[in-house]
Structure formats: structure tokens, C-alpha cells
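Each ligand, and each atom within it, is numbered from 1 in the order the structure gives. Position 1 is the first residue of the sequence; numbering continues from there.
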Amino acid sequence: MIIYTLPKGTYSEIAAKKFLNYIDGNYKIDYCNSIYDVFEKVANNSLGVVPIENSIEGSVSLTQDLLLQFKDIKILGELALDIHHNLIGYDKNKIKTVISHPQALAQCRNYIKKHGWEVKAVESTAKAVRIVAESGDETLGAIGSKESAEYYNLKILDENIEDYKNNKTRFILIGKYVKFKNIPEKYKVSIVFELKEDKPGALYHILKEFAERNINLTRIESRPSKKRLGTYIFYIDFENNKENLDEILKSLEKYTTFIILLGRYPVFE
Ligand SMILES: O=C(O)C(=O)Cc1ccccc1
């Protein structure tokens, strides 16, 4: 059985290895070039690991959108990793352009600006490191993990270059079904919905249902509905250790045009 993630040396691969410690069954890691490709592969019976949210930069909007697009794929688990970025390449003084995943470029924005470098975005941090390694071009630098520098035999020119010290990213395990070895106590639920009416208090009615049940929301976010300018869908995550999920979702139905359960899943340390 296969668990798909981003290429060797990506933070997503590191997260996938960590998930494997908790999963029952014989899974092997296989690699995809992009987050989109991971979702496509997972469609047939395997698992996937992708980033969903960063403590500094916010949501990985592509993952949010794909969770809605691939309706049969659910969130099966979550874990957070500390992310420490490195400048990788040949000679710091010769660098003119830095390449990385957009999230990594954003998390090192001040550092990059200070040096006056150009930036170029690619699908993963490991792809950036690969490009620098294969080109042999000393004017290029990549931002990525220590593991990716080792894998491509390049030097780490600067460590911990993230702008904020508490840089964490949440990764999700996606698929249709998984069996875990030991399940932590903490469970979360992710939903996405569209409000029925654009009128005062529309979102308030939703929030009230959670408040009255004393349920802690851990994230609320709007994304464009992609139908018209100014219309939104909402993503909400909440803590849920009790089995009252059906009842909660039912209570929201009357305020929404659609509501989709993206998953009820354990949160691993
Ligand atoms: O490209 C990677 O290494 C990823 O896994 C995506 C990513 C990029 C930056 C921070 C966290 C995850």
C-alpha cells in the first residue's frame, strides 16, 4: 500500500514519515511533483500527506480548494511540524535568485528582501534544491530542509532563515480510510459551507450553534466561492471529542446552501 507525498527532502515527506509511525499496515512512501498530483493519486485507495496551514503564512489555499474538489477524499489525521528553513546552494555572495515553494518564500520574505534577491516559485522545496543541484548555477539558491540539502549533496549556506521563530506547519493525512495503531484523545472536525443568505447576522447564526454547545473553534476562514466577486464559502475546524457530530451538522443545515464534512480525525503530536 502506498502513501503519496511531495518529493524526497520536502517537509511533507518528513510529515509522511511521522504519520507512518501511527498507521497500522504496510505502507511505502511514493512521490508526486505537486499537491494536486497527490490528490489525484489518492483517488484510488491509497493515502496522501499534504500541507494545509502554516502558523505564519496561513492556509495553503491550493489544499483547501482541492479538499472541496475531490469530494471522496477525507482528512484522516493531522500533525504539526516545526519548520526551519535553510539557504542551500554554492556561495551565498554569488546568489541572485532564490527558488522555493511559495510558502517557504513567504516564510522567509524579510530575509530574502534584506539580501535583495529575486524569487522564483516552484511546486516544492525539494524541486528547488534539485534545480540548483542540476544546473550547477552559482547564482541560484534554494530554500528547503536540511534533508533536501543532504539528498542533493549541496551546502547549507544559512540556517534557520525563517522570519519568525515559531514557524509551524500543519500537515494532513488524506484518503478514504486508514487504521491507526494508537489513537490520541484529541479529535478535530473540518467542515466547509456556503451561507444561504447574504444578510446581517448570517454567520452569527452558525457561530451561535457552536457557542451554545460550548464547542471550541480552532480555525475559521473564508475563501472566494469562485461564483461571483464578493461571495464566499467558509472553512471551520472545531474540537470534537464527543459523538454528537450529526446533530451539530444538522443544526447548521438550515443556514447553508451546502455543508461538506471534510473529515473527523485525530490530532497527533
Ligand atoms: O515543499 C515542501 O517541502 C512542502 O512540503 C511544502 C511546504 C513548504 C514550506 C513549508 C511547509 C511545507
Polar-atom distance check: Q107 versus ligand 1, any N or O pair below 3.5 Å?
no
For ligand 1, which part of T169 has a heavy atom less than 4.0 Å away: the side chain, the backbone, both, or neither?
side chain
For ligand 1, which atoms sit closer than 4.0 Å to a heavy atom of S124?
1 (O)
What verdict does the side chain to side chain contact (heavy atoms under 4.5 Å, CB included) test give for K127 and I131, after you've listed the backbone C-alpha separation in whole Å, the side-chain angles of each residue and the deciding distance to 0.1 Å?
CA-CA 6 Å; K127 179 170 179 181; I131 290 171; 4.1 Å; yes
Where the closest heavy atom to atom 6 (C) of ligand 1 is concerned, which of P51, S34, A126 has it?
P51
Looking only at heavy atoms, what is the nearest atom pair of T125 and G9, with distance?
OG1-O, 4.4 Å
Closer than 4.0 Å to some heavy atom of L6 - which atoms of ligand 1 meet that?
4 (C), 5 (O)
Starting from atom 4 (C) of ligand 1, locate the nearest protein heavy atom and write down its residue, its atom name and how far away it is, to 0.1 Å.
S12 OG, 3.6 Å
Any side-chain donor-acceptor pair under 3.5 Å between K92 and H115?
yes
The protein heavy atom nearest to atom 8 (C) of ligand 1 is H101 ND1, 3.7 Å
Pick one: which of I35, T10, I172, I83 meets side chain to side chain contact (heavy atoms under 4.5 Å, CB included) with P51?
I35
Describe, in one word, how the ring planes of Y36 and F70 are oriented to each other, choosing from parallel (under 30°), tilted (30 to 60°) and perpendicular (over 60°).
perpendicular
Output a table of donor-acceptor pairs, distance under 3.5 Å, between side-chain atoms of residues 258-269 and any protein atom two or more places apart or on a different chain; print 'none' if there are none.
| residue | atom | partner | partner atom | Å |
| --- | --- | --- | --- | --- |
| R264 | NE | N240 | OD1 | 2.6 |
| R264 | NH2 | N240 | O | 3.2 |
| Y265 | OH | S190 | OG | 2.7 |

Can you tell which part of T10 has a heavy atom less than 4.0 Å from ligand 1: side chain, backbone, both or neither?
both
Protein contact to atom 1 (O) of ligand 1 [nearest heavy atom, distance to 0.1 Å]:
T125 N, 2.7 Å
Please confirm whether the backbone N or O of H84 pairs with a side-chain atom of N167, one donor and one acceptor, at under 3.5 Å?
no
